[in-house]
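To keep things clear, I will list the structure first and then write my remarks on it.
Because the structure is a prediction, the values reported are computed rather than measured.
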Amino acid sequence: MAEQRKMKTIWYLSGLTLVVIGLVVLVSGLYYLFYPGNHQTVLAHLYPNLWWGLIILLAGMIFLLTNRKATVE
């Protein structure tokens with residue numbers, strides 16, 4: 001009897017995508033924290049890349065952790 005393969009849910013893939021994007025934004029924020037460029041925006045002192053990178057990373061981790069065992073037949 002053949003085994004049926006189970007697939008991950010779309011929310012797991014969404015979480016994985018958010019984790020990758022969050023890491024990219026967070027790393028770019030860390031880079032600009034230590035090496036500020038010549039082009040400064042008005043609110044650059046608030047480091048939005050750091051904050052949004054963390055928020056996106058945490059959201060992705062929540063998606064991954066809540067859907068790590070969920071499967072679709």
For Thr71 and Lys6, the nearest pair of non-hydrogen atoms, with its separation, is OG1-CD, 3.8 Å

Scanning both residues in full, the closest heavy-atom pair of Ala44 with Pro48 reads O-CD, 4.4 Å

Distance col, row Tyr47:OH vs Leu33:CG, nearest 0.5 angstrom, shows 5.0 Å

Hydrophobic clustering (ILVMFWY, side-chain heavy atoms < 4.5 Å, transitive) - are [Y] and [X] grouped together?
X: Leu57; Y: Leu50; value: yes
X: Leu54; Y: Met61; value: yes
X: Leu43; Y: Tyr32; value: no

Q. Is the backbone of Thr66 close enough, under 3.5 Å, to the side chain of Trp11 for a donor and an acceptor to pair up by distance?
A. no

Considering only distance and modelled atom types, tabulate donor-acceptor pairs under 3.5 Å from the side chains of residues 12-31, sequence neighbours left out.
{"unit_1": "Ser14", "atom_1": "OG", "unit_2": "Ile10", "atom_2": "O", "d": "3.0"}
{"unit_1": "Thr17", "atom_1": "OG1", "unit_2": "Leu13", "atom_2": "O", "d": "2.9"}
{"unit_1": "Ser28", "atom_1": "OG", "unit_2": "Val25", "atom_2": "O", "d": "2.8"}

